[in-house]
Number of protein chains: 4
Amino acid sequence: MVVKVGVIGTGAMGRAHIDRLTNVLTGAKVVAVTDINQEAAKAAVRDFKLDAKVYPDDTSLLQDPDIDAVFVVSFGGAHEATVLKALDTDKFIFTEKPLATTLEGAKRIVDKEMGKPRKVIQVGFMRRYDEGIHALKTQLDSGIIGAPLVVRASHINPDVAANYSNEMAITDTLIHEIDEMHWLLDDDYASIQITYPRQSSKVNNEGLRDPQLATLTTKKGVVIQVLVHVTAQYGYEVKLEVVGETGELKLPDYGFAPIVRTQATQQTAMETSWVKRFLQAYNTEVQEFINQVAKNQSPIGPSAWDGYIAAVTAEAGIRSQKDQEPVLINVATTPAFYQKKQAVKA
Amino acid sequence: MVVKVGVIGTGAMGRAHIDRLTNVLTGAKVVAVTDINQEAAKAAVRDFKLDAKVYPDDTSLLQDPDIDAVFVVSFGGAHEATVLKALDTDKFIFTEKPLATTLEGAKRIVDKEMGKPRKVIQVGFMRRYDEGIHALKTQLDSGIIGAPLVVRASHINPDVAANYSNEMAITDTLIHEIDEMHWLLDDDYASIQITYPRQSSKVNNEGLRDPQLATLTTKKGVVIQVLVHVTAQYGYEVKLEVVGETGELKLPDYGFAPIVRTQATQQTAMETSWVKRFLQAYNTEVQEFINQVAKNQSPIGPSAWDGYIAAVTAEAGIRSQKDQEPVLINVATTPAFYQKKQAVKA
Amino acid sequence: MVVKVGVIGTGAMGRAHIDRLTNVLTGAKVVAVTDINQEAAKAAVRDFKLDAKVYPDDTSLLQDPDIDAVFVVSFGGAHEATVLKALDTDKFIFTEKPLATTLEGAKRIVDKEMGKPRKVIQVGFMRRYDEGIHALKTQLDSGIIGAPLVVRASHINPDVAANYSNEMAITDTLIHEIDEMHWLLDDDYASIQITYPRQSSKVNNEGLRDPQLATLTTKKGVVIQVLVHVTAQYGYEVKLEVVGETGELKLPDYGFAPIVRTQATQQTAMETSWVKRFLQAYNTEVQEFINQVAKNQSPIGPSAWDGYIAAVTAEAGIRSQKDQEPVLINVATTPAFYQKKQAVKA
Amino acid sequence: MVVKVGVIGTGAMGRAHIDRLTNVLTGAKVVAVTDINQEAAKAAVRDFKLDAKVYPDDTSLLQDPDIDAVFVVSFGGAHEATVLKALDTDKFIFTEKPLATTLEGAKRIVDKEMGKPRKVIQVGFMRRYDEGIHALKTQLDSGIIGAPLVVRASHINPDVAANYSNEMAITDTLIHEIDEMHWLLDDDYASIQITYPRQSSKVNNEGLRDPQLATLTTKKGVVIQVLVHVTAQYGYEVKLEVVGETGELKLPDYGFAPIVRTQATQQTAMETSWVKRFLQAYNTEVQEFINQVAKNQSPIGPSAWDGYIAAVTAEAGIRSQKDQEPVLINVATTPAFYQKKQAVKA
C-alpha cells in the first residue's frame, strides 16, 4: 500500500519533506499540498513534478478522504490549530516541532488525542533517529558506564536568521536537546536554568544573548549542561558526552570528509548546517512513520506527550531567561495512553 | 514512472537488492524474479510480500515485455550468459560484479553492447558511491595535494567462507580496489604484482595465502599498494591514503559508534562486515541507476568497459599469483562509446 | 653553578622531587632533607644515594647557609609555617600547593614576601607547564578563536584515598583548574558555585559527594564549567575546551599508547594517574625554577599571589559546597610587586 | 659520579648533544670539544658557557685521560676512523649514525670492538627510545595482535638540503627504519627492494628520486613497506602500522597541538622537523648512555652490531636503487659478544 500524504506548508522544510517522500523514501506519495502562500504550494507541485491537488487551506485539505496522513510543516504558530483540526479526521499526523507554541496548546492537543482510540500523532524530533545518538543510547542502556550522572552537550550553529529571537534559543534550538535528553536518560526533568556567559560580539540580532548555557536537572539527579551557541561562526555541530559511574560515552565527530595533511596542518572539513548532518535522521524518522501508517498502526516515534513535555520545559526555560534563576518543572505522570514503549530504531 | 525490475538470482545479494528496491529506495517495483533454485525465488516473493511473477529461468524472465530493467545477481559464473541474452532485449541491465569471469567474456559483452545505440549496462562497483571515498576524490580532484604519487589501501575482512579460494582474493576482494583506483586517479593500469607476506596461522582454507600484497602501477607512474587480509579476525574495514606532491589525503575511520572510556581504555566498536559499512553506497548506487532508467537514460555508474578493465586486471593478478612477479596490463584505449564522463555522485 | 637544594618533606611527592632533581634534571643537587618522620628522611638519602644532611626539622634545615633553595613538600597544613620561616632567610622557595590552607595564611605569606626586595616563592601549579595546555594558551592568545566565552573542563581520577574529604574536591583537585583558568584566560574570578549531580554509587568515603560541578565566572563574563569526578573508575584525564567567538580550542587526548584494533574494537590505553600524565610538566616547572635560582633571579612561575588567589577561590568554593549557591569572589588588584609578566614556557 | 664527555664534531647535531648534556640531562659534563673547524669548536664552548678544553683534532682529544666518554658527531664519512681510534682507549663511545659509510668499515669496527672485554659503543639510533614506538613494541611483544605479518611505515620530510643525494634517501633517511624494524620485529632481514613511484615535481636536487618505496622482507617472511618522501612539503612525520594475525597496531598521531575548530574546519598543527618530534627520544637515549657510563657498564642501546646490520642493509638498498630489483641480505648470526638482550626503555 502506498501512503497518500497531504503536506500543509510548503516552505523550506515542507519542500524538504516533499522531496524526501517523493525522491528518497519508499511507500509514500504526496497527493495534496497547501500553503498560506498559494503560489508556493503550486511551485512545490511544479518543481517536484507532483501529481497532487493544491488546496486553498488546511481545512479543505483535511476534508480530502483520499489522504492517509498529513505533514504539518507550516510556521510554528499555526501547528496547534491544524493538528487540532486534523484530530477530527481519521488521518495520521506528522507535525514538525513545536507541537504548539504554548504549553496550554500542547495540553489541548494531548487531551484531544487521548479521546481517540489510539495515538495518531508523531512530532518531528529527529535526533532520536540519528545513527550516532542511537548507538550511544544503546551503549548507555547496556550499562557499560553504569548509571549516568552528568551530561554535557553543545548545539552549535554558525549563525542565525535576522528574525531569530532570544526565546528561539529555547524554542527552536535547545528544544532538540530538551526532547533528546529525557529520552536518552529515560528520566524526567526537575528543573531548568538558563545563564548568560559573556556575550559574543558576533551577535547581530537585537535582544539575542549568545551563547547561552542551559542546565537541566532530572528527577534522578542527573545534571545536563547544554551549550547553545548560534553565532559560533566556525560550523555546525552537536556534541554529546555522558558521564557515568564507571565510564564515559561520547558522540564521535561527525562526517566523511577526508583527513587532509597540508601546509603543516592536519585538517578535516566540518558541516556548516544541520541539513546534511541530520539527513539520515530525517529520512529514518519519516520512513518509520510512513511504514507505520502503511500498516495502519500508531506511530512509534516522539508522541504528542513528548511534544507536551518539550512545551512545558521550553516554557520554563523562557521564564528562566528572565532572571537566570532555576525554574522547577513538573510534568504529570505519563498517561497510560502514551506509555507504550517507543521502539525507535536508527 | 515506477521502474519495473526483474531480479535474476535470489541469494543473499539478490535478496538485499530486492529489500532495497522494495523497502528503502523510491521509484522501483520488483515485478519478476527467478533463481536456479525455484524455491528460493518463491521464498523471496513471499518474504518481501512482492507482487511479482516467478520465472523458471533468466531466458523466460527476459522475455517479459513489462520489465524495464534486470538485476543480474546470480553466481558470478552465470553473469556473462545472462547479460549477453539481456542485451538482445531493450532492458537496462544492472549486474553485480564480476561482469564476466574471463576477460574474453567481458570483451564479448563490451563488443555486443557497443552494437547498441547507447549504454545500458551498469556494473555493481559500489565503492565509487561511498560518501567518504567520494569526498576524498573530490578533494584529490581539487588539487589540494598536487599530483598523486603513491596510494596505500587495505581491504580487511575478519574471515571468509570455506569455499573462498586463493584466486578469489583477486576476483572477489581486490576487485573492488581494482575498479576504485583507476577511477579515483583517472589513470590506467600499467602492471600488477601480487606478493605473499608471512602466512597467517588463522587461514583454514586449503591453498589460500593470506594476507596478500597487491602492487598496481599506473601509466602515470603512481604506485598503489593494497593489503588484502581476509582472515584478519579483528573486524571489517577499508583504508585509503593518497600521497601527493604537497600533501596527503586519508579516509577517516568509519562509523557512528560512541567513544567509550572504561577500564583504562578508550575504545570504539568496529564494523565486522561490509553490509553496514557500504549500505549507503549500495543504496546510492541503485537509486541512481533506477533514476536513470526512469528517465530512459543510460546508466552513469561503472560501465561494462569498467567491468572489462577489472576483468583484464584481475586476470593479470591471478597470473602474478603464480610466481609473484609483476605482470604488464595493457587495456586498449577507451572506445568513444564509453568515453562519456561518468558523473557519479555519492 | 649547581643549585643546592634542601627538601622539606620526604613523602611520595618529596621523593618524586628528589628523584627529579637527582636523576632527571640538570643543575641541582639535593644537599639536605628533613621530614617529621626522620626515618623517612634517612630512607630518602639512602634510596637516592644522596650526599645530603638529614636535619631534625625545617627550622634547622633553613639555618644551613649552604642551601640555595628549599622545596616545601610537607603535608599541606604545614606549608604556611615553613614558608614564613623560609622568608626570613635568603633562600628561594618552591612550595607545593597549597601555599596555605587558609586565605589568611596565604595573605600572611604574600604580605611578608612583599617586604622583600624581590619575589622568591614559586608555587607548584604545574598545569601551566604542560606542553598541551601551553600550546592551547598560545593559540588562544593568538586570537584564532576570538574572545573566550565559555570554558569546559574535566578533572577525572579513577579513585581517591580513604582520607579524601569533600573539601579536598576543592583544595586538592579543583585547585589545579582554579590556578589554571585565570592564567589561561588572563582574567579574574567573579564567583564560584559548586553543585552536586546525582551521587555515584562508587563513592566509599563518608561525606564525599562525587561528581561535583564547579561553575566559575570571571570579571569579563566568561563561564567556566568544571567537572570534578574523583571516583570515575575508568582512568585519569583532564579535559579542556575553550569556546570563543569564532571557534573552539580543545586539548587533544593525551598519550603515546598505540591504537589497537582487535576483537571488533579500536582501542587505546589510557593513563590511570597524574604521575605520567604530568611528568613533563613537573620536570619543566622544576627545571625552570632551578635555572632561575642558578641565575640568582626571581622565579617566573606561579607566584605567592597566584597561591593567594587560589586560596581565596578555594575558600569560596568550600562555602558554596554548604548550600550549592554561588559565592562572590573579590581578590584585590594584583600588587605591583607581583605584576611582572610571567613568561612561563612549556 | 659526573660523566666527563668529549664531543667530536660541533656542527648542528654536536651542539644539540652539548646542549642536552649541559642544560637538560643530569650526570654529565662536557669537558672537551673538537671540530675540524676550530672556530666552531670555540664557539660551542663560548655559546654553552662550557668549562671545556678545545682540542685540535680527535686524536689529541682521545688522549685526554680525564674523558670518560666521547660523542662522535662529526660528518658521517669521519665516524669510522674516529671510532677505531677511540677503541684504542678505554673510553665509552656514543657515535651518531652511520657507524661507518661502508659495510667493510662497519665490519672493521665490530671486529675491533669484539677484541675488547665488553661492549663500549652505542650507535645513535634514537627511534627505539621514542615513547610511542616503544609502547607499540611492548604491545606487539605482548602478543595482542598475534604474529606480525606486514608492516607499513612512512618517513616524511617537508624538504631536504641542497646536498641531499639519492643515496641519502637510504643512508640518512631510511636508515632509521632499517634499524627500527629488525629491533621491533626481533627478526633478520632477507631482502630489500627500492622502487620509484611517479617523481614529484617538488624535487629540486639533481639525481634525487622522491618519493621512494622500500620493501624489506625478513627471515620470518614479514614484509615491511616504507614510504620515504623527503620533499613532501606538508610537514614532518613518521607513521607505523603493524598488521598481525589477529589485529593491528598503529602509532597515534604525534603532538600536543590543540584541536582548533574554525572556518568550517577542524585542524591541528603538525611538526615540520624531527627536532621536536624526537626530542624525548634523543634525551632518553643519551641519558641512558650516560647512566651506563656512570655505572661503568656497557651501553644497552643500539650496538656496533646494529650499526653493522644497518650498513649491510643500506648498502644492499643502494644496490637496489640501480635497477629497482630486490637484493638479498645476509648478515651473519649475531656473535655471542653482541647477543646480550638490550633492555631499552623509553
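Proteins come first, then strands; the chains are lettered A, B, ... in the order of their sequence lines, and each starts at number 1. Keep in mind the model is a prediction, meaning the values are calculated, not measured. When reading the values below, keep in mind they use all heavy atoms of this one structure, side chains included, and skip hydrogens, waters and symmetry mates.
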Student: Where on C:T22 is there a heavy atom nearer than 4.5 Å to chain D: the side chain, the backbone, both, or neither?
Tutor: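 Contact with chain D is through the backbone of C:T22 alone.
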Student: Which one of D:T246, D:T138, D:N23 has the most heavy-atom pairs closer than 4.5 Å to chain C?
Tutor: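 Top option by heavy-atom pairs under 4.5 Å: D:N23.
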Student: Could you go step by step and tell me if C:E288 and C:R128 meet the salt bridge (Lys or Arg N to Asp or Glu O under 4.0 Å) rule?
Tutor: CA-CA 12 Å; C:E288 183 194 84; C:R128 307 184 184 193; over 6 Å; no
Student: Is D:K53 paired with D:D66 through a side-chain N to carboxylate O contact shorter than 4.0 Å?
Tutor: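 No, this pair does not count.
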Student: Mark yes or no: C:R277 above the aromatic ring of C:Y236, with NZ or CZ under 6.0 Å from the six-membered ring centre and no more than 45 degrees from the axis.
Tutor: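 C:R277 over C:Y236 ring: no.
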Student: Measure distances from C:V24 to the heavy atoms of chain D and classify the residue's part below 4.5 Å as side chain, backbone, both or neither.
Tutor: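 Backbone of C:V24 only, per the 4.5 Å heavy-atom cut-off to chain D.
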Student: As an exercise: rank C:A269, C:P252, C:P258 by heavy-atom pairs under 4.5 Å with chain D and give me the winner.
Tutor: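 When all of C:A269, C:P252, C:P258 are compared, C:P258 has the most.
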Student: Which heavy-atom pair separates C:A41 from C:V54 by the least distance, and what is that distance?
Tutor: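 The pair with the smallest heavy-atom distance is CB-CG1, 3.8 Å.
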Student: Between C:E248, C:Q139, C:Q287, C:E241, who has the most heavy-atom pairs with chain D when the cutoff is under 4.5 Å?
Tutor: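 When all of C:E248, C:Q139, C:Q287, C:E241 are compared, C:E248 has the most.
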Student: Between D:D47 and D:R15, does any NZ, NE, NH1 or NH2 come within less than 4.0 Å of an OD or OE carboxylate oxygen?
Tutor: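 Judged by the 4.0 Å cut-off on N to carboxylate O distance, D:R15 and D:D47 do form a salt bridge.
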Student: Please round to the nearest 0.5 Å and tell me the distance separating atom NE2 of C:H17 and atom OH of C:Y282.
Tutor: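 Reported to 0.5 Å precision, the distance equals 6.5 Å.
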Student: Count the heavy-atom pairs under 4.5 Å between each of C:I259, C:V260, C:N291 and chain D, then report the option with the highest count.
Tutor: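 Heavy-atom pairs under 4.5 Å are most numerous for C:I259.
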Student: Need one label for D:K276: side chain, backbone, both or neither, based on atoms under 4.5 Å from any heavy atom in chain C.
Tutor: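 When you check distances to chain C, only side chain atoms of D:K276 fall under 4.5 Å.
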